[in-house]
Asks: 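Provided herewith is a single structure, encoded as structure tokens, for subsequent inquiry.
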Number of protein chains: 2
Amino acid sequence: MAEPSTPAVQPVPPQRGLFQVSSARRSPPERTKARTQDSRVHNRSLVLATLYHQGPMSRSELARDSGLTAPTISALVAELESDGLVTDIGPRKGSRPGKPANLVRIEDAVNLVVLDLSHSDRFTGAVLDLRGEVVGRAEIPLGGALGAAATELVLRLAAELLALAPRQVLGIGVGSPGIIDDTGTVRHAAHLEWSQLPLAERLTERFGIPAYVGNDINVAALAVLHFRSTQAQNLMVVAIEHGVGAGLVVGGELVEGEQFAAGEIGHITVDEDGEPCVCGRRGCLDLLIDAAHLRARLARTAEAGRPAVRTAAGRALGAVLAPILSALNLNEVVLTGPAELVEGEFLKAVTATARARTLPPISASLTIRSLAGDADLILLGGACLVLSAELGVL
Amino acid sequence: MAEPSTPAVQPVPPQRGLFQVSSARRSPPERTKARTQDSRVHNRSLVLATLYHQGPMSRSELARDSGLTAPTISALVAELESDGLVTDIGPRKGSRPGKPANLVRIEDAVNLVVLDLSHSDRFTGAVLDLRGEVVGRAEIPLGGALGAAATELVLRLAAELLALAPRQVLGIGVGSPGIIDDTGTVRHAAHLEWSQLPLAERLTERFGIPAYVGNDINVAALAVLHFRSTQAQNLMVVAIEHGVGAGLVVGGELVEGEQFAAGEIGHITVDEDGEPCVCGRRGCLDLLIDAAHLRARLARTAEAGRPAVRTAAGRALGAVLAPILSALNLNEVVLTGPAELVEGEFLKAVTATARARTLPPISASLTIRSLAGDADLILLGGACLVLSAELGVL
DNA sequence: CGTCTTAAGTAAAGACGTCTTAGAAACCCG
DNA sequence: CGGGTTTCTAAGACGTCTTTACTTAAGACG
């Protein structure tokens, strides 16, 4: 009798971005029902994705391209326009028969805030537009902060970037070291002494903006897939800075692993009689190719012997890669880390060894290259998290 | 003017099973539009899958379980019932308050025909029901047939099995050696001298029944995933018979690879100074652990030395697995092949080596087991292909 | 033994989204 | 200037799910 016509309290999903499209792929193989309005959000992001990847086009072209009918496209575009995500930029230049088309373009009315927590001495971050172009940057020195203090620095840096963003922020994307589950909880990050830290939740709560957190190298693999790759749907990124890690994309999807620990290749045994490692074993890959270890090894080697050290390191990685590349039929490998270590003999040896140890079908189409100079890979990876979860655009 | 009201020729998709649900995942990253009726087929297979995995249940339970509303479920069940896929088996036994529920059960009104082309001397096949239970078997000796002659034998065997099937056949599933793309074309199969053979198409054309072809070990991995596994969404099957091959499931999905050659691990170099291999390299994994090679090696070794040979072979496989398991964070490995080779020292050495060469997070939850006795794995894998493409049930 | 409560299932109407059909607008071409 | 072409929108049809209300059937309870 209090509220006669109000239908009780609407059970609205708790946190949800303005334009959120996918429910961020929580937990693996759950079949979900399809309501009739799901097709709307699907088609909406189909239109958005088409515009995103192919640039401005007319409604008719969108219709042909997407398989939807013209009226539907018109309705979707109108909706996207009223959300401020696209604009009608008027008639196309040049003359053709028929009524001239009005082009529709993705509106850069939104920004992304992205964070890279992979460095050992500082956290860096940036404000990006939808294209991944940097609009602003900020960083914050870590100063040895650990645990909760480090978390506080993440929040501070995020706040700073949010203040910097000229437009509405669609979401926050973070690439962090450690093992991170699909809810954006850092299960374990040794360097930062984090454990079971629900970082995405913290960020979302604090700023009221959807946040997504992924492993730094994993999101770098996403960045390569979407921003730096040719056509490959299967690729691997290997980083040799601050420990050896990898990120894998298989069939266009990031590999998470059964315990969200995919890509942890640093402590694979390479030589059972090798040096002892902090992990308690001997001859780990990490001892041979991690930047710090490799630098130390180079430093205590005479000038003349250094190329051989680099080559030996590259061979070790190549030998580890060979089974992975073969098993997954993966053609594209990207190495990152300090350029002076990654490029040159090391890269050459990795490539040669991987080629020599795999069958022609694999080795022939294999590309191993360095993106060592690409400092923004992890930031772009954070953007990938946001763009796919919020706009379904990637 | 010929046909006034008929809307021209309807562009019906050419081949399509009676109840087909997914369009068989042709080519990877193609965004598709969502029509309103797509939700119908989705929800239909959601209901079917629930019944398939959880056994008979009432419409109300289906509604709670699926998140759909009761009226929708009623409508879907009615539709499935008129298709002969489910039956109402009357009220549940035992008494509870409220109106007694009528249970709905999947009807075994359909059969599957599955073929295993992996043996070198014969093709085997079976008729299965929806549960994967064998209803009938047949096989056909290969007699050295190659190329088109071997293809003809496949068709003969399929015809024989179709004649054997007591009920309507939902589809044909084939596990074949070689590299097979996502249209069911055998791109290359050395033993059978097949190349660019559109086997699925041939079968579909000949019998008018949807057919699916996959690599033998790959589909075996599907079989393990759906019929022999616990909960793992990431697993690997390694076969050491007739060459060394693997099938990988990552995130619940079969890994195909960029050139559909995923799992080809036989010619990874294990020992750069090893024996020469037919592939032109030296020290391939195949030379150490393939059944034929391993048997030969055992035969020319004195009784006392044989365990050491088995152990050495196991170690080699373990060393190859370690990088793969680490990179993918994979916990479950299944070995198949001749039981007397796979089990015992070999399996022990594989496990020990893989454990010793991976970090605790991986090695602790790692299970490596043998399904060497399980002769029907590839047949079941063929069933997986049909069940997921036609019913969306897996 | 009759009434209440609980649960299962169905029927009718409403909401949402796409498609079909039809038409208006704007341009080129001859 | 009229016909052809292309773009885009308007109105209604259709399919699918949901909401709401009702019927059916059993146990619980006094």
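Note: hydrogens, waters and symmetry copies are ignored here, and every other heavy atom, side chains too, is used. Below, chain A is the first sequence line, B the second, and so on; all start at residue 1.
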Asks: Mind checking A/Thr36 for me? I need base, sugar-phosphate or nothing, with any heavy atom below 4.0 Å counting as a touch.
Replies: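 Base contact - A/Thr36 has a heavy atom under 4.0 Å of at least one base atom.
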
Asks: Salt bridge or not between A/Arg167 and A/Asp129? Use side-chain N to carboxylate O under 4.0 Å.
Replies: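 Salt bridge absent between A/Arg167 and A/Asp129.
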
Asks: Could you tell me whether the phosphate oxygens of D/dC17, OP1 or OP2, come under 4.0 Å of any side-chain nitrogen or oxygen in B/Asn43?
Replies: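 Looking at the OP1 and OP2 atoms of D/dC17, one of them is under 4.0 Å from a side-chain N or O of B/Asn43.
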
Asks: If the condition is side-chain hydrogen bond (donor to acceptor under 3.5 Å, both in side chains), which residues does B/Glu79 pass it with, not counting sequence neighbours?
Replies: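 Once residues adjacent in sequence are excluded, the partners of B/Glu79 under the side-chain hydrogen bond (donor to acceptor under 3.5 Å, both in side chains) criterion are B/Arg40, B/Arg44.
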
Asks: Looking at DNA chain D, which of residues 68-81 of chain B put a heavy atom within less than 4.0 Å of it?
Replies: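 Here the set is B/Leu68, B/Thr69, B/Pro71, B/Thr72.
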
Asks: Check the phosphate of C/dG17 against B/Arg35, side-chain N and O only, distance under 4.0 Å to OP1 or OP2. Yes or no?
Replies: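 Result: no.
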
Asks: For a 4.5 angstrom cut-off between non-hydrogen side-chain atoms, does A/Asn218 reach A/Leu222?
Replies: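 They are not in side-chain contact.
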
Asks: Write down the distance between CG (A/Asp38) and P (C/dT18), rounded to a whole number of angstrom.
Replies: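 For the pair A/Asp38 CG and C/dT18 P, the rounded distance is 11 Å.
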
Asks: According to salt bridge (charged side-chain N to carboxylate O under 4.0 Å, His left out), who are the partners of B/Arg35, at least two apart in sequence or on a separate chain?
Replies: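 By the salt bridge (charged side-chain N to carboxylate O under 4.0 Å, His left out) rule, B/Arg35 matches B/Asp38.
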
Asks: With the threshold set at under 4.0 Å for non-hydrogen atoms, list the residues of residues 57-64 of chain B touching DNA chain C in residue-number order.
Replies: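 Result for residues 57-64 of chain B: B/Ser58, B/Arg59, B/Ser60, B/Arg64, sorted by number.
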
Asks: Just how far, in rounded Å, is C1' of D/dG15 from CD of A/Gln37?
Replies: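 These atoms are roughly 15 Å apart.
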
Asks: In the structure shown, which nucleotide is the Watson-Crick or G-U wobble counterpart of D/dG30, with both distances under 3.5 Å?
Replies: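 Partner of D/dG30: C/dC1.
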
Asks: Output all residues satisfying side-chain hydrogen bond (donor to acceptor under 3.5 Å, both in side chains) with A/Asn234, sequence neighbours left out; order by chain, then residue number.
Replies: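 Only B/Glu258 meet the side-chain hydrogen bond (donor to acceptor under 3.5 Å, both in side chains) criterion with A/Asn234.
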
Asks: Any donor-acceptor pair under 3.5 Å linking the side chain of B/Asp65 with the backbone of B/Glu61?
Replies: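 Such a contact is absent between B/Asp65 side chain and B/Glu61 backbone.
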
Asks: Taking only nitrogen or oxygen atoms into account, show me every contact under 3.5 Å that the protein makes with nucleotides 24-28 of chain C, one pair per line with its distance.
Replies:
unit_1 : atom_1 : unit_2  : atom_2 : d
C/dA26 : N3     : A/Lys99 : N      : 3.3
C/dC27 : O2     : A/Gly98 : N      : 3.4

Asks: Measure from NZ or CZ of B/Arg131 to the centre of the six-membered ring of B/Tyr52 and say whether it is under 6.0 Å with the direction within 45° of the ring axis.
Replies: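 Pair B/Arg131/B/Tyr52 counts as cation-pi.
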
Asks: Measure from CZ on B/Arg40 to P on C/dG17 and round the result to the nearest Å.
Replies: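 Rounded to whole Å, this separation is 18 Å.
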
